[in-house]
Amino acid sequence: MHPEVTRAAVLREFAAPLEIADVPLPDDLPPGSAIVRVTRTTLCGTDAHLWQGAMPFVGLPIILGHEMAGEAVALGPDAGRDALGKPVELGSRVVWSESVCGHCHACTVLNEPVLCAQRGYGFAQRADRWPFAIGGLSRYAYVPPGAHRIVLADDLPDTWAASAGCAVKTVVRAFANAGGVEPGATVVVQGAGPLGLVATAYARASGAGQVITLGGPANRLALAAGFGADATIDVTDVTDPDERVAQVEELTGARGADLVLDFAGAPTANREGVLMCARRGTHVVVGLAGPDPAPVPMDVVMGRELTVVGSLNGDVGDLARALRFLSAFADRFDFDALFSPPVGLSGAERAIRDMASMAAVKAVVDPGLD
Ligand SMILES: [Zn+2]
Ligand SMILES: [Zn+2]
């Protein structure tokens, strides 16, 4: 028997303290569902935006956190296999994807579950309605039937695995949507937050010849260098977007970059990204430019025959590849440097504020701790 309630940090009012409260857990488990004891939750910029009230249409109360790893403590009928066919047993360490419906146009015709019309994201689930607890700032979480699980390799730390649940899989999909990295290619990464830093490592691991990372502040760019950036541009120093484009031009021998990935989500990022591209280059849009973006010069897209491609989060395949990447390059990159020491549920609000203020690259919560 799994517990009937779970202790959780609940968001009842935007930008207000989280309330530590007991939230019900579903008692009857539908086929394919599970209950997991959450062992680690890593926070994402979206959690901070949600907390601040930047998405006011989200119905409260909710439990924030959508990057987590845990241990299965209860399994509904037909929940005994993961997405790769491995057995899931009580005590199995798992991560899981957002739930998808499996029968909409995106799920079936497009075969792109990331675009599922009914994709079940944590913030779409109110904590006062069944199944109550699917967010990460909770001691236990309900895993819906359509959320594919992946059993973790023994040597993969919970914290790394949790971060695959949004940040790392988003990076993996962005590179995949770009068609990968040609060996020796020049790659520009816009942004030195968690996504930009992981992307820097991913570009290096993918065989890029030159990796240039833009972002700030300086401590994050030092991390970028550790993750394989050959050059960094501090956007807090170089505040003129055109000057940043000129610096990339200079660093690439006036040719521009073969691949420019936007993980910055700044109003000028996509204009800069296109201008930084070499002829026949590709610009991948991952960041959200906000309500007032700088116009993207479409004449440059035409004249250089550029490819501009969008990329949204990641599906269970991207999640599987993200875990594989972290395992395969565990010795090459210091992934631990991304993460703050874990705090308990009572520290979750502080951790979210640290994400909002950029004091933490990736704040970490162990919901088992008070
Ligand atoms: Zn996220
Ligand atoms: Zn669907």
Side-chain angles (χ1 to χ4, degrees), residues 9 11 32 38 40-55 58 62-69 83 95-125 134-138 141 144-148 159-174 191-199 202 261-265 284-288 290 310-319 321-323 326 338-340 348 351-356 358 360-365:
L11 176 67
V38 182
R40 207 62 106 226
T41 295
T42 50
L43 293 172
C44 164
T46 306
D47 294 311
H49 292 149
L50 278 161
W51 178 78
Q52 289 167 322
M55 296 157 82
V58 167
I62 56 169
I63 299 170
L64 292 171
H66 55 274
E67 296 183 343
M68 52 270 198
V95 291
W96 57 103
S97 68
E98 291 78 39
S99 62
V100 292
C101 77
H103 51 256
C104 71
H105 186 266
C107 280
T108 56
V109 176
L110 300 179
N111 196 22
E112 292 292 356
V114 83
L115 300 174
C116 173
Q118 292 168 53
R119 195 155 176 262
Y121 232 90
F123 50 76
Q125 172 60 54
I134 72 167
L137 296 181
S138 180
H148 300 286
T159 304
W160 299 12
S163 75
C166 177
V168 185
K169 78 177 178 186
T170 298
V171 169
V172 169
R173 186 175 184 86
L195 294 176
L197 292 170
V198 171
Y202 202 83
L261 303 110
D262 159 36
F263 297 101
V284 186
V285 181
V286 181
L288 277 172
S311 193
L312 172 71
N313 202 258
D315 62 21
V316 68
D318 302 308
L319 176 59
R321 290 181 195 97
L323 296 168
L326 292 169
L338 295 170
F339 302 103
S340 300
I352 289 170
R353 287 177 188 272
D354 286 348
M355 291 300 291
M358 295 185 20
V361 176
K362 207 85 182 135
V364 182
V365 176

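Predicted model, so just to flag it, every value in this text is computed and none were measured. The analysis underlying the following values was restricted to heavy atoms, covering all of them including side chains, and did not include hydrogens, waters or symmetry mates. Order of listing sets the numbers, starting from 1, for every ligand and every atom in it.
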**Study point:** D47 side chain to G65 backbone, donor-acceptor under 3.5 Å
**Key:** yes
Review point. Short question: side chain of D318, backbone of R321 - any donor-acceptor pair under 3.5 Å?
Key: no
Check your understanding: Do T159 and L338 have side chains that get closer than 4.5 Å, going by heavy atoms?
Key -> no
Exercise for review: With Y202 as reference, evaluate V172, V168, L197 under the side-chain contact (heavy atoms from CB on, under 4.5 Å) test and give the passing residue.
Suggested key: V172
Review point. What is the total of protein N/O/S atoms that are closer to the Zn ion (ligand 1) than 2.8 Å?
Key: 3
**Study point:** Residues R173 and E112 bridged, charged N to O under 4.0 Å
**Key:** yes
Exercise for review: Would you indicate whether the side-chain heavy atoms of R119 and C101 approach each other to under 4.5 Å?
Suggested key: no
Revision key, fill the gap. Shell check on the Zn ion (ligand 2): protein N, O or S atoms less than 2.8 Å away are C101 SG, C104 SG, C107 SG, C116 SG
Practice item. Measure from the side-chain N and O atoms of E67 to the backbone N and O of A167, and report whether any donor-acceptor pair falls under 3.5 Å. Key: yes
Exercise for review: Give the C-alpha distance, both sets of side-chain angles, the deciding distance and a yes or no for side chain to side chain contact (heavy atoms under 4.5 Å, CB included) between V58 and L11.
Suggested key: CA-CA 11 Å; V58 167; L11 176 67; over 6 Å; no
Point to revise | Criterion side chain to side chain contact (heavy atoms under 4.5 Å, CB included) on V100 and H148, from CA distance to verdict | key: CA-CA 9 Å; V100 292; H148 300 286; 4.3 Å; yes
